[in-house]
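Have a look at the structure below before the remarks.
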Amino acid sequence: MACILIVEDDAGFQPGWLQHLEPRGHEIVMVATAEEALEVATEKTFDLAVIDLILPGMDGAELIRQLRKDEATCGITIVAFTCMLRQMGLGFDARDRVWLPADEVLDKTEGIEAVAIKIEALLMGSSLRGKMNRGPEANRDDLAKE
Amino acid sequence: MPAIYITATGRNAGKTTIALGLLAALEERGYSTQYFKPVGQHFCEQDGQLADSDVWLCREATCSLTEAETMSPVIIPAGFVSAYLSDPKPLALREKIIAAAECLSLKADVLVVEGTGHAGVGSCLDLSNAAVASMLGASVLMVVPGGVGRSLDEVSLNMRFFEGCGVSLVGVVVNKVFKEKYERVTSSLACGLERLGTRLIGAIPYEPALSFPTMDQIRLELDAAVLSGQDMLQNVVENTIVAAMTAQNALRYLTRGTLVITPGDRVDNILMAISADGSQSTRGRRKIAGVVLTGGLMPHVTIMPLLKNAGFPVLLSQHDTYTVSSCISQRVFKINPGDSGKIASARSFVRDYVDLDAILSSIGVGSTG
């Protein structure tokens, strides 16, 4: 189970997130603006954040940059969620991380169900990475406990 | 061995341009050459070798396989002069230079040596240009910037310094002469130099394109991040505008190859650059060479796809607009190893405007051309 922050201002999408992620056992915190997201991110620890790029007030890319700058939130797996790039026929690669330091950019036009499956895969990947990053000593301890 | 020592009356006169041209012209005439920069102040490391930036340029331009450190035996890092003055060892530095010159001499008919600054530069290390030229037994070719009175005054001053070290002067090349004044400047200079006891052996017209920077040079200078257009960093900047005005007014200042400097939150000017670039300039060159966004201000996310689609690179600088524009306007952008167009221009300038025979006969090499 993971704690997921969803930053989505579109009321039409909000129920979809809950419908597809909550049954998988995740705790979902939903906010509608970047400002609210920054506030809640200081109060709670999240494993993953799904951030719509076009938001009222501060935009989603700026929110991601701010989360990356903060020591407390820089390690969250971040998924940017947008239809902009696809609509303009543009891709996203490592060079774009200067302005959009997200782990993944997912296409909003794919629909929430498809995106939710990708998020699940990302969560599994980050959990695996977390274990590996703990190094061989930590793994040995785990084995010893078993 | 025959050696020509290229010196100047000051910084940025065009010594390296002349050196590039001379190396090519000599090779064209069948002479093998080696470039040598005995004392360097602006150095960088490549492939584990530390050498003067001009060495890296000339080495690549001539496809030389000589060790860069041999071509650049003495470099002056920060604090070097103070350390030297507290414990001067002039012999050690001189031996380094002589040993490198001997090594290069084995590989060439003619050594093309580039000094640093005016005749006296390096005196603090007992390695003035005049002292080094004397040590190498080289004859001096002096490069002066376009002009008459000031150039003659400076040649006169520098000549005295070289004469004091027993170094002979081949003559003077005047560089960056405005085309509309070319005839007047060259004839006056020729007269004036003759009165000083030397001669004019080349007059190169001013070519602004030689000092146009690429967007990549701007990026390095500002230590800026690339937001988009990574593969267009070789765009050449011919004109710079600070778009701190409204977009409709900034439009009036756009010419071919313009660099637009604007705060990152000035969406109007960013959109102006994108739309103006859409209307292609004449002669196939784009109107916008690139954009520098200042203040570390990132544009709104909705603008980013437009920038990614634009036909120019976009840089993000953490500096404010004034600092960025001052930095670019004050900087003299030198020729880079990758600037094949500029290197070709330097070569053709020397071939077309410098009396190579006069140089060759002065250093005791017969003309084979």
Side-chain angles (χ1 to χ4, degrees), chain A residues 6-10 13 31-38 49-70 74 78-110, chain B residues 214-216 218-235 260-271 273-275 277-278 288 290-319 324:
Chain A
I6 307 278
V7 190
E8 172 65 84
D9 66 312
D10 189 336
F13 272 85
V31 295
T33 66
E35 290 78 2
E36 285 175 275
L38 285 173
V50 181
I51 298 171
D52 188 6
L53 287 184
I54 301 179
L55 295 167
M58 182 192 298
D59 68 56
E62 180 60 32
L63 168 62
I64 295 171
R65 292 192 291 270
Q66 295 216 12
L67 289 172
R68 288 290 187 236
K69 268 189 214 160
D70 190 330
C74 64
I78 298 180
V79 176
F81 191 54
T82 182
C83 53
M84 273 194 317
L85 295 174
R86 175 70 64 87
Q87 279 176 351
M88 296 188 73
L90 300 171
F92 174 83
D93 59 38
R95 293 178 297 187
D96 291 309
R97 293 213 164 88
V98 174
W99 64 274
L100 187 59
D103 294 289
E104 195 72 60
V105 178
L106 297 181
D107 185 5
K108 211 166 181 172
T109 58
E110 284 185 37
Chain B
T214 62
M215 282 301 292
D216 200 38
I218 301 278
R219 175 189 68 82
L220 286 168
E221 189 61 26
L222 299 174
D223 192 21
V226 183
L227 284 189
S228 62
Q230 180 90 36
D231 51 349
M232 288 174 277
L233 289 172
Q234 290 312 312
N235 280 6
V260 177
I261 302 170
T262 189
D265 58 354
R266 284 298 298 267
V267 179
D268 54 342
N269 285 326
I270 297 170
L271 293 177
I274 294 168
S275 55
D277 191 55
I288 306 293
V291 168
V292 177
L293 302 177
T294 60
L297 297 167
M298 202 78 80
H300 191 270
V301 69
T302 48
I303 305 295
M304 291 310 301
L306 300 175
L307 292 179
K308 270 174 75 75
N309 248 351
F312 50 79
V314 180
L315 307 179
L316 178 73
S317 169
Q318 297 301 319
H319 301 298
V324 167

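Each chain gets a letter, A, B and so on, in the order its sequence line appears, and its residues count up from 1.
With sequence neighbours excluded, the residues that form a salt bridge (charged side-chain N to carboxylate O under 4.0 Å, His left out) with B:Lys308 are A:Asp96. For the salt bridge (charged side-chain N to carboxylate O under 4.0 Å, His left out) test, residues two or more places apart in sequence or in another chain that qualify with A:Asp52 are A:Lys108. B:Asp265 is linked by a salt bridge (charged side-chain N to carboxylate O under 4.0 Å, His left out) to nothing, counting only residues two or more places apart in sequence or in another chain.
In this structure, the separation between CH2 on A:Trp99 and CG on B:Leu307 is 9.0 Å, given to the nearest 0.5 Å.
Residue with the most contacts toward chain B among A:Asp59, A:Leu53, A:Ile54: A:Asp59 (heavy-atom pairs, distance under 4.5 Å).
Contacts between residues 298-305 of chain B and chain A, defined by a heavy-atom separation under 4.5 Å, are made by B:Met298, B:Pro299, B:His300, B:Val301, B:Thr302, B:Met304, B:Pro305.
For chain B, no part of A:Arg97 is nearby; none of its heavy atoms comes within less than 4.5 Å. There is no contact between B:Leu316 and chain A, counting heavy-atom distances below 4.5 Å.
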